[in-house]
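Before any comments, here is the structure.
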Protein chains: 2
Amino acid sequence: MKSSGMQIDMHGEEGVSMKRVHIGDVAAHAGVSPTTVSHALSGRRPVSEATRQRILLAVDELGYHPNLVAKSLRIQRTKSVGFLVVDISNPYYPAVVQAVHDGLADQGYVSLIGITYGEAAAEETVLREMVARNVDGIIIQPMSLTPAEIRRIVGPLPLVLISDHEGELHADRVQTNDREGIAAAVRHLNDHGIREAGFISGPEGRSPGTLRLASFRAAAHALGITVAEEWIEHVPFSRAGGLEAGRRLLALPHRPRAIMCANDIIAVGLIDAAREAGLSLPVDLAVIGFDDIDTANLITPHLTTVVNPAREVGAACARALLRRIERGPDGAYTVEALPTHLVRRDSA
Amino acid sequence: MKSSGMQIDMHGEEGVSMKRVHIGDVAAHAGVSPTTVSHALSGRRPVSEATRQRILLAVDELGYHPNLVAKSLRIQRTKSVGFLVVDISNPYYPAVVQAVHDGLADQGYVSLIGITYGEAAAEETVLREMVARNVDGIIIQPMSLTPAEIRRIVGPLPLVLISDHEGELHADRVQTNDREGIAAAVRHLNDHGIREAGFISGPEGRSPGTLRLASFRAAAHALGITVAEEWIEHVPFSRAGGLEAGRRLLALPHRPRAIMCANDIIAVGLIDAAREAGLSLPVDLAVIGFDDIDTANLITPHLTTVVNPAREVGAACARALLRRIERGPDGAYTVEALPTHLVRRDSA
DNA sequence: CTGAAAGCGCTAACAG
DNA sequence: CTGTTAGCGCTTTCAG
């Protein structure tokens, strides 16, 4: 694994066996002090053009790249952010991740990714991990922890919550106006003469499913659509969860004409169950999802669903976090609400 | 934003406004030296049970969490790894990401994620970024850079390549035996009496598409199946790419009876094109994908495809990287090859 | 325009 | 069993 047999240090290609070069090496090579190298590179203090050139040359010859860990310790900023995602196997999230990543990478930030699976314990340990690593900010969609608990863990750190808010904010927020999309969905059902509808929600507790269910109930109530208690299910946000709930619901002696799901993945499971039961959609059963994942228009029947603007959510999170990092902890917390809307396809 | 009005430092709940507590604070509080605190916490040197208890208490009371940046600078390890993913919007990758993340998080590593979009410039800058941040290792699926170029950039760092190898290894590798899955796919076509087949590959160059195309050609040749040059397309790994290539292929005066695609996303685009052209699958056209993304069995017709074991790939990468981190740079490079196989569904 | 020295928060010799 | 000291690699006073 040796390359060329040059006799002394710091020559030739930067090979596998070379030691990492430090600012002191560059300084020595250019015949100046580390201080001057630092300033030549940062531009935070004037340096004579001649020495600047010598330094740049040395940097190049030696292949110097500053050690960001040392820099971070010194300047007390890491140019990194923690992004806690619930479940990356749900196609909704990668879209958010990508948008967050792109928005942050532009500004030189790197993303530390944590997966929480919506569990309180994981949320807490990952948050602490991020804090311990001195990230400059954190983005999280809380599924178990309350905003207050999260704020207590992260201290004064810039924090963006992907979450609807009830009561105190505790952090900047990005949220989607799920209610309007769901109201449109219920109106759509009503327009088709459907008077009885069920809902498959996510796990009980503080998941977005709970709020979506509430919105659904309210919209149905407003239109006089019946939502029997036995038509409500709580399952994990997974295809398996949707299948399981779907089986139960469809086996009911009196089952609803339509079922809305708290997300598309659950809806896919429900469609599996409908197929098992030999039902044909949307005639025997109308199904509406939530999120509009990329594949929603690939499945059969094409899924009627509420568009949850993943990329916009991610971009808004990135913007909000950068703003907070720049402005410091003292300004008032902001809330950005993104619209949702129904897209009519073939399942309802 | 102030909470309770306690008169002096380090009391009460750890609130938003509290300064971060350092090892020295704990030491003072417990009446010992920082060294002892460090050792009490790490266990790397015996500490009397009495002082240990006092320290633990102090840690608890003050809410001490060590500053990992400072620790990293000192011990020269960050317990972080860089994971460079090509395109997280392709559902194949999140599955890999998740497996990598889980395999690494278990051992206390955090993942810095970079998205390269397969571009050489992005690959290089992200790699340098990771190196500058002193990650303990890097996992990358190279799309533009050669293994040698990557090795030159990362120096002696533990490195795992998701990539088939031709010639020198330059790093530990995880690869999939695409050839066997593709051979099975071609046999499947042959069994159905198909004698003419095309292939939609990824971008020209060093993408996995190129190797898959070569395997396809070889397998077809072995069975006497015709693969005309005009039936070969190179497009981006996207649904749009598949659609575009599909339109061209299906508009040909003499088009093939079957088309295999370098990945499932392209196949989805091809199916879009087939639908546009009013063809019914698999009778008028047989389509085979590659990857078996989660949604492959959701689309209509259910996609016949080659299973690319995303989770196993991710898990293998994590294992290989951890092994290399532990064993140091000197052992021989390893190659782990994972099998692929055909799953027959409805599109071919 | 440039350098010396201090210090970010931690760990690990080296002493006792 | 415990403490003192040095130093990871960088930036930034402070002093020329």
Side-chain angles (χ1 to χ4, degrees), chain A residues 18-56 58-59 62-80 108 128-129 131-136 155, chain B residues 18-56 58-59 62-80 108 128-129 131-136 155:
Chain A
M18 303 288 293
K19 299 283 157 271
R20 177 107 171 245
V21 11
H22 304 143
I23 198 171
D25 302 326
V26 176
H29 195 87
V32 295
S33 76
T35 305
T36 304
V37 174
S38 175
H39 285 113
L41 262 27
S42 71
R44 301 179 57 74
R45 163 170 123 172
V47 171
S48 87
E49 187 54 23
T51 58
R52 212 179 69 85
Q53 291 303 340
R54 242 177 323 122
I55 288 168
L56 261 30
V59 164
L62 303 184
Y64 171 64
H65 296 277
N67 178 333
L68 262 30
V69 172
K71 176 173 183 174
S72 292
L73 178 59
R74 178 65 235 240
I75 71 176
Q76 301 290 65
R77 289 182 307 107
T78 54
K79 281 275 189 178
S80 69
R128 294 208 185 281
E129 172 89 39
V131 173
R133 288 177 184 276
N134 287 15
V135 295
D136 294 341
Chain B
M18 303 286 295
K19 299 282 158 269
R20 177 104 169 246
V21 10
H22 303 142
I23 198 170
D25 303 325
V26 176
H29 195 87
V32 294
S33 76
T35 304
T36 302
V37 175
S38 175
H39 286 112
L41 262 26
S42 71
R44 300 179 58 75
R45 165 169 122 171
V47 172
S48 87
E49 189 52 25
T51 56
R52 213 180 68 85
Q53 291 303 342
R54 244 180 318 127
I55 289 169
L56 262 29
V59 164
L62 303 182
Y64 170 65
H65 297 277
N67 179 333
L68 262 29
V69 172
K71 175 173 183 174
S72 292
L73 178 60
R74 178 62 235 239
I75 70 175
Q76 301 289 66
R77 288 182 306 108
T78 53
K79 282 275 188 174
S80 69
R128 292 205 185 284
E129 172 88 38
V131 173
R133 289 177 184 277
N134 288 14
V135 295
D136 294 341

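Values reported hereafter were calculated over all heavy atoms of this structure, with side chains retained and with hydrogens, waters and symmetry mates removed. Labels below follow one simple rule: chain letters A, B, ... track the order of the sequence lines, proteins then strands, and each chain is numbered from 1.
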Please state how far atom [atom1] in [X] lies from atom [atom2] in [N], giving the value in whole angstrom units.
X: B/Ile75; N: C/dA13; atom1: CD1; atom2: P; result: 13 Å
X: B/Lys79; N: C/dT11; atom1: NZ; atom2: C1'; result: 16 Å
X: A/His22; N: D/dC8; atom1: NE2; atom2: C1'; result: 9 Å
X: A/Arg20; N: D/dC8; atom1: CZ; atom2: P; result: 14 Å
X: B/Glu49; N: D/dT2; atom1: CD; atom2: P; result: 11 Å
X: A/Leu41; N: D/dT11; atom1: CG; atom2: P; result: 8 Å
X: B/Gln76; N: C/dA12; atom1: CD; atom2: P; result: 11 Å
X: A/Asp25; N: D/dC8; atom1: CG; atom2: P; result: 12 Å

Sugar-phosphate only, base, or nothing, as touched by B/Ser42 at under 4.0 Å among non-hydrogen atoms: nothing

Sugar-phosphate only, base, or nothing, as touched by A/Ser48 at under 4.0 Å among non-hydrogen atoms: sugar-phosphate

CG on A/Leu73 to CG on A/Leu68, rounded to 0.5 Å: 12.0 Å

Interatomic spacing from OH in B/Tyr64 to CD1 in B/Ile23 - rounded to 0.5 Å: 4.0 Å

First encountered from the 5' end of DNA chain C, between B/Ser38 and A/Pro46: A/Pro46

Is [Y] close to [X] at the side-chain level, that is, under 4.5 Å between some pair of heavy atoms?
X: A/Thr35; Y: A/His39; answer: yes
X: B/Arg74; Y: B/Gln76; answer: no
X: A/Val37; Y: A/Leu41; answer: yes
X: B/Arg133; Y: A/Lys79; answer: yes
X: A/His22; Y: A/Asp25; answer: yes

May I ask you to verify if any side-chain N or O of [X] is less than 4.0 angstrom from the OP1 or OP2 atom of [N]?
X: B/Thr35; N: D/dT2; result: no
X: B/Tyr64; N: C/dC10; result: yes
X: A/Thr51; N: C/dC1; result: no

Helix axis bend for the helix from C/dC1-D/dG16 to C/dG16-D/dC1 - C1'-based end axes, five pairs, 10° rounding: 40°

Intermediate values then yes/no, side-chain hydrogen bond (donor to acceptor under 3.5 Å, both in side chains), B/Thr78 and B/Asn134: CA-CA 7 Å; B/Thr78 53; B/Asn134 288 14; over 6 Å; no

Smallest separation among heavy atoms of A/Val69 and B/Ser72, with atom names: CG1-CB, 4.1 Å

Residue pair B/Val21 / B/Leu62: nearest heavy atoms and the distance that separates them: CG1-O, 3.1 Å

Which nucleotide in C/dA12, D/dT11, C/dG3 has an atom nearest any side-chain atom of B/His39: C/dA12

Residue whose nearest DNA chain D nucleotide is more 5′ - A/Arg45 or B/Gly31: B/Gly31

Selection: residues 66-74 of chain B, any non-hydrogen atom under 4.0 Å of DNA chain D: B/Leu73, B/Arg74

